[in-house]
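These notes concern the structure reproduced below.
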Amino acid sequence: MSDSEIIGSVLAADQYSKAASVQEAGVVLLNTCAIRENAEARIWGRLGELQAEKRRRRASQQPPLLVGVLGCMAERLKARLLDSARLADLVVGPDAYRDLPRILAAVQAGEAQGSAAMNVQLSLEETYADIMPVRQDASRTSAFVSIMRGCNNMCAFCIVPFTRGRERSRPLDSILREVEALSEQGVKEITLLGQNVNSYADFSHLQQQQQHTSSSQTYQATKQRHADPQQQQQQQAALSYYAPGFASVYKPQRQGATGFGQLLDKVALVNPEMRVRFTSPHPKDFTDDVLGVISEHPNVCKYLHMPAQSGSSSMLERMKRGYSREAYDGLVERARQVLPNVALSTDIIAGFCGETDEEHQATADLLRRTRYDNAFIFAYSQRGKTYAARHLADDVPAEVKSQRLADLFAAYRQGQAELNQLEVGRIHLALLDGRPRRDGQHSLQGRSCSMKRVIILEQPVPSSLRALQQHCEGQRLDPQQQQQQLYAGPVSSLGTGDYVAVLVQQVVGSSTLLSVPLARTSIQEFAAVLGSTIVSADKAPAWLVQQGAAAAAAAAAAAAAAAAAASGGASDGESQQVLVAQG
Ligand code: SAM
Ligand code: SF4
């Protein structure tokens, strides 16, 4: 569950409910991010607007509006938010949400002002493990599950370790219970969340074991282990937790912990028909065992976020990222080897302290060569307390940062356009999640396992991929005949929450896949019939490609006929094109 859902659960347990609008609310809570200055600027703007609502209520003698600032900005600015301007009435950091009802009650009763209306204590243990989620929108097919909090990495530019505190992982059992509950509620896709999600390390089982072992036994066992050189060597080997070439500034304590690979494996097994994603990972923790688990489970999405930050080794060193360009390139190669057709995304920072033109060009080169499906590119924004704010000069002029941002964006788009060419003719497994805003009457939309938006025309499809396969293969028609021969078996209509096999016809915008629906299916059936959740155009079986062509032709003919009927005239190819491209 996300922080907003944790806050929602804590307040729901205290009889609070969600208001439909600010005008109807007694309390407005802003859940904030402090990672870049512009994220904070938006919150200052919002606080200004809420002041106006507060004044309006005072003037019309209505009950007052209470405003709370929650999350990372609360942690960063603390009492400054409660100063004389009283932009906020309460301030609660990311580890103190359980204290919200108490603080709210005290502020409402007029008993708490200033520091009494604030809790920004960071915790070494808080994971909100026992809080059951109140999903923000229960009709959605997807849900978030928080598995760890905080970060120990101390990248030179990043405020997260200061606003979210030390890294700590939620016990495996409580995660699995939440995933099972979501599966029972019919959720079709979960995203595991954490500031460093794949750095997950749960020790709760060891603590339980320790409770059952007397301290003298533990002492003897530890003494023996330390005396045995072979065991020492094994321990040392187990300590190389990172992908080759990656390191971290801190010494992780992970001996005996349940790691991310094991967690992912167990989560994937809860319901093989529920998709699993995760964010935000750190590249160092994409070890072979994690890549192996992703490859093994058809329901774990083949989409990896690999924040590079820069393509220059000297810059990566200044950023204290713990890897070189070569190590990063090696990891990308390994990921593409283990997970063919995997989609990759990244985070990049433009104009970090002392960035030379050569270092900037190395990052543009990384974006062009690696060819990401998605990239989040930010101008460097100095944040107080970080290593960079204390020791490095923010010396790249604003206009140079903007120019570099634009250059990097162009380099990313070039790589993405090349990848998009490979999409036409691919077969994806899409999970439908609603209707597109445009042409919502005739179309459905969903996501591929590679996170691409998929749009299909709404039309009946074979009720299973296997039925379609048997039908097509059983016909033994020559390709010419088969192309004209539409499937004639049982059909299903499609809706939100269904998995559908689709054939990509065209990529519109930066990455929307206009596609033909081939058959309703399931994750397991798709993987069993086609061997993967993303099938390259050159590996797509002929029977399916032919069915796709026949279905596309039928849909275009139906659309043309409908357009002709609506206009009272004859139709042509152009009207078919318009309908398909409208998504
Ligand atoms: N933990 C992930 C990692 O290190 O790979 C990334 C998570 S971080 C919360 C999200 C992204 O915000 C970072 O990858 C970075 O690109 C960006 N970011 C963090 N601090 C920033 C800053 N001071 N200025 C600009 N972007 C920043
Ligand atoms: Fe920030 Fe990610 Fe570095 Fe942690 S690992 S300090 S979250 S950028």
Side-chain angles (χ1 to χ4, degrees), residues 2-3 32-41 71-73 75-76 94 146-169 191-200 242-243 246-250 252 260 278-286 290 304-311 315-323 327-328 331-332 335 344-355 363 366-367 372 374-396 398 401-402 404-405 408-409 412:
S2 66
D3 271 22
T32 63
C33 165
I35 206 144
R36 281 171 295 276
E37 205 176 332
N38 55 7
E40 284 194 6
C72 293
M73 195 170 157
E75 196 61 51
R76 191 176 96 76
S146 168
I147 65 160
M148 58 82 69
R149 296 176 77 82
C151 174
N152 289 350
N153 282 325
M154 296 288 180
C155 299
F157 50 81
C158 185
I159 198 165
V160 167
F162 304 95
T163 56
R164 311 289 300 196
R166 307 288 293 167
E167 218 172 272
R168 64 224 105 113
S169 296
T191 303
L192 306 177
L193 289 182
Q195 274 83 37
N196 251 301
V197 74
N198 51 346
S199 183
Y200 179 85
Y242 298 144
F246 286 74
S248 167
V249 290
Y250 76 100
F260 185 69
F278 53 89
T279 200
S280 178
H282 190 293
K284 71 176 163 51
D285 297 305
F286 280 121
V290 170
L304 301 186
H305 185 55
M306 285 198 180
Q309 314 300 353
S310 169
M315 175 56 92
L316 288 166
E317 205 173 323
R318 273 206 302 297
M319 289 177 160
K320 296 189 176 293
R321 288 290 290 177
Y323 53 89
Y328 184 89
L331 178 63
V332 168
L344 297 182
S345 64
T346 195
D347 291 345
I348 297 286
I349 297 181
F352 182 63
C353 306
E355 187 182 62
T363 305
L366 173 80
L367 287 165
Y372 293 98
N374 210 349
F376 303 90
I377 309 174
F378 313 104
Y380 171 58
S381 161
Q382 191 183 61
R383 310 312 284 141
K385 287 193 185 170
T386 57
Y387 177 88
R390 286 181 288 121
H391 300 286
L392 304 174
D394 181 12
D395 53 0
V396 178
K401 275 186 194 168
S402 312
R404 288 183 178 171
L405 200 64
L408 295 180
F409 203 72
Y412 148 56

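Position 1 is the first residue of the sequence, and the numbers go up from there. Ligands are counted one by one from 1 in listed order, and the atoms in each one are counted from 1 as well. Only a predicted model underlies this, so the values are computations on that prediction, with no experimental measurement involved.
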Hey, does H282 come in under 3.5 Å of ligand 1, counting only N/O atoms on both sides?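 No.
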Report yes if R383 has an N/O atom closer than 3.5 Å to an N/O atom of ligand 1; otherwise report no.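 Between R383 and ligand 1 (N or O atoms, distance only) the closest approach is not under 3.5 Å.
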Could you tell me whether C155 approaches ligand 1 through its side chain, its backbone, both or neither, with non-hydrogen atoms closer than 4.0 Å?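 The answer is neither.
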Proximity of F378 to ligand 1 by residue part, where a heavy atom lies under 4.0 Å: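 For F378, the contact with ligand 1 is made by the side chain alone.
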Mark the output for A379 as yes if a heavy-atom distance to ligand 1 is under 4.0 Å, and as no if none is.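 Judged by the 4.0 Å heavy-atom criterion, A379 does count as contacting ligand 1.
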Answer with yes or no whether A388 contacts ligand 1, where contact means a heavy atom under 4.0 Å from a ligand atom.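 In this structure, A388 fails to qualify as a contact of ligand 1 - no heavy atom is under 4.0 Å.
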Between D347 and H305, a side-chain donor and acceptor under 3.5 Å: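 Side chains of D347 and H305: pair found under 3.5 Å.
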Applying salt bridge (Lys or Arg N to Asp or Glu O under 4.0 Å), name anything that partners R321, two or more places apart in sequence or on another chain.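 Applying salt bridge (Lys or Arg N to Asp or Glu O under 4.0 Å) to R321 gives none.
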Point-to-point distance, once rounded to the nearest 0.5 Å, from OH of Y387 to NZ of K320: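 With rounding to 0.5 Å, OH (Y387) is 4.0 Å from NZ (K320).
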For the atom pair CD1 (I159) and CD (E40), what is the distance rounded to the nearest 0.5 Å?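 Output value for this atom pair is 7.0 Å.
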Close side-chain approach of [X] to [Y], heavy-atom, < 4.5 Å:
X	Y	answer
Y200	L192	no
R404	T363	no
H282	S199	no

Can you list the ligand 1 atoms lying under 4.0 Å from a non-hydrogen atom of S280?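 Listed by number with element, the hits are 2 (C), 6 (C), 7 (C).
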V160: numbered ligand 1 atoms lying under 4.0 Å from its heavy atoms: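 The list of qualifying atoms is 9 (C).
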Nearest-contact summary for [atom] - protein heavy atom, Å:
atom	result
atom 1 (N) of ligand 1	Q195 O, 3.0 Å
atom 9 (C) of ligand 1	I35 CD1, 3.1 Å
atom 10 (C) of ligand 1	D347 OD2, 3.7 Å
atom 20 (N) of ligand 1	F157 CD1, 3.4 Å
atom 15 (C) of ligand 1	Q309 OE1, 3.3 Å
atom 24 (N) of ligand 1	S381 N, 3.1 Å

Run down the list R36, R321, M319 and name the one with the heavy atom closest to atom 4 (O) of ligand 1.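 The nearest heavy atom belongs to R321.
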Going by the order shown, which atoms of ligand 2 are within less than 4.0 Å of some heavy atom of R321?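 Counting from 1, the qualifying ligand atoms are 3 (Fe), 8 (S).
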For the residue pair F260 and F278, is the inter-centroid distance of their aromatic rings smaller than 6.0 Å?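 Centroid separation for F260 and F278: below 6.0 Å.
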Could you please give the number of protein N/O/S atoms within less than 2.8 Å of atom 4 (Fe) of ligand 2?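 My tally for this metal is 1.
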